[in-house]
Protein chains: 2
Amino acid sequence: MPTPPRASLAQIIDAGREIVEVSGPAGLTMQAVAERVGVRAPSLYKKVADRDALLRAVAGATLDDLSARLESTGDDLAALARVYRAFAHEHPEAFRLMSAVPMPVEVLRRSADPLLRACTRIVGEADALDAARFAVAWVTGFLQMELAGAFRLGGDVDGAFEYGVRRLAVSLRS
Amino acid sequence: MPTPPRASLAQIIDAGREIVEVSGPAGLTMQAVAERVGVRAPSLYKKVADRDALLRAVAGATLDDLSARLESTGDDLAALARVYRAFAHEHPEAFRLMSAVPMPVEVLRRSADPLLRACTRIVGEADALDAARFAVAWVTGFLQMELAGAFRLGGDVDGAFEYGVRRLAVSLRS
DNA sequence: ACCTGAACACCGTTCAAGT
DNA sequence: ACCTGAACACCGTTCAAGT
């Protein structure tokens, strides 16, 4: 007798995202996810290959959100950097997970697009990819170190970020 | 009847480092470490509080190695960046673990020292910390993205690194 | 002192049996 | 079709008992 599904893939991923944000990736157990969507753990395997695939899906959904946010931000490099940082502060655990998980190329491409456009405007087409890598490396490195607590040697971290935004602009313009 | 220890803390950490490099942090199980040092898993708890503490010790030992390497490199920013990258390529798993684990402040300070000196030489004392954060954010971000496979949108990754080294120098000099 | 087997709680995953 | 309990393998950790 056919039975309608009780937990959609979208619900499972959403549950995963909530758990990751409150308990970190280690807290995302199949049982915790199952409980949240009102089902038993084995049922999750109808929608998800295994825990790792669910983690990748959570990371992918997070990157999609970030991409949408960046897309609506425009062409300004400094603005993009600040939106990026705001997102990381809102979802620190998901942000760190995102950086640890390998993404499909098309997802990467979409997320890179706004930055690539901003860089093309500044350095031209030929250097745009190198420049975008320079910028994205700086901003993700900064945020990962900030979130990992690596910036504890004094000084003002907000100030250091704005210093970086300025230096970034300077370096691409010369 | 007192018995001499069969596995020193140093041996345990070394075993942990080898396992991490070949199987990643997930491969570091207490049983795998125990087997490597010729003991049963429960004995490890005489020297190590728990698995997490062992992971932190492995990360700390790795950062100590990196710090020594940087210290013997000198004051040149570009040289420091290249040594940093060479180290990450030699120990990709340990490098990623290092970035994920919170470090004691004194370990951070020692590792930051060479970079701080290089930056002081270029931008002066007042901006040295901001500049060092700019530089270290870029280089660790670049390496983490490179190791995580985030640079797969074409172009030459080695070239992008050298582009970054140049832009970094430019940005701090103006 | 240090080492061990046994035990416990917990987790990911599979699968036959239910509806 | 989907859901479940039961089972299996594996892991971290504790602890009483051995030497």
Side-chain angles (χ1 to χ4, degrees), chain A residues 1-62 93-94 96-98 100-102, chain B residues 1-62 93-94 96-98 100-102:
Chain A
M1 191 81 53
T3 309
R6 274 220 308 271
S8 71
L9 178 58
Q11 284 173 319
I12 291 171
I13 295 175
D14 279 350
R17 295 180 75 174
E18 291 166 24
I19 291 169
V20 162
E21 215 43 78
V22 43
S23 318
L28 186 149
T29 67
M30 298 305 270
Q31 329 218 21
V33 174
E35 191 179 2
R36 213 164 181 111
V37 297
V39 100
R40 298 292 185 162
S43 300
L44 299 177
Y45 292 85
K46 287 281 157 187
K47 309 282 178 182
V48 162
D50 53 24
R51 178 175 179 272
D52 226 64
L54 178 50
L55 243 13
R56 283 196 300 273
V58 167
T62 305
E93 291 288 353
R96 299 186 69 181
L97 175 63
M98 216 176 65
V101 155
Chain B
M1 189 83 52
T3 306
R6 273 219 309 272
S8 71
L9 178 59
Q11 284 174 319
I12 291 171
I13 295 175
D14 278 349
R17 295 179 75 174
E18 291 166 22
I19 292 169
V20 162
E21 214 44 77
V22 42
S23 317
L28 187 148
T29 67
M30 298 306 269
Q31 329 220 17
V33 174
E35 191 178 2
R36 214 164 180 108
V37 298
V39 100
R40 299 291 187 163
S43 299
L44 298 176
Y45 293 85
K46 286 283 158 183
K47 309 281 179 181
V48 162
D50 53 23
R51 180 175 178 272
D52 225 64
L54 178 51
L55 243 14
R56 282 197 301 272
V58 166
T62 304
E93 291 288 354
R96 299 185 71 181
L97 175 64
M98 216 177 65
V101 155

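Here is the naming used below: chain letters follow the sequence lines, and residue numbers restart at 1 for every chain.
No donor-acceptor distance shorter than 3.5 angstrom exists from the side chain of Glu93(B) to the backbone of Pro25(B), with no hydrogens or angles considered. Between the side chain of Arg17(B) and the main chain of Ala94(B), no donor-acceptor pair closer than 3.5 Å is present.
Distances from the side chain of Pro42(A) to the nucleotides dT14(C), dG12(D), dT4(C) place dT14(C) closest. Side-chain proximity of Arg6(A) to dG5(D), dC3(D), dG12(D): nearest is dC3(D). The side chain of Lys46(A) sits closest to dC3(D) out of dG5(C), dC3(D), dC2(C). With dC2(D), dT19(D), dT13(D) as the choices, the nucleotide that has an atom nearest any side-chain atom of Thr3(B) turns out to be dT19(D). Ranking dT14(C), dT4(C), dG12(C) by closeness to the Arg40(B) side chain, first place goes to dT4(C). Here dT13(D) is the nucleotide among dA1(C), dG12(C), dT13(D) with the atom lying nearest to any side-chain atom of Ala41(B). Listed candidates were dG12(D), dC11(C), dA1(D). Nearest to the side chain of Thr29(A) is dC11(C). Among the nucleotides dC2(D), dT4(D), dC11(D), the one closest to the side chain of Val39(A) is dT4(D).
The phosphate of dC2(D) has neither OP1 nor OP2 within less than 4.0 Å of any side-chain N or O from Ser43(A).
The interatomic distance linking Met30(B) (CE) with dT4(C) (C1') rounds to 15 Å, in whole Å. For the pair Asp50(A) CG and dC10(D) C1', the computed distance is 16 Å after rounding to whole Å. In this structure, the CG atom of Leu44(B) is 13 Å from the C1' atom of dC11(D), given to the nearest Å. Between Gln11(A) atom CD and dC3(D) atom P the separation is 11 Å, expressed in whole Å.
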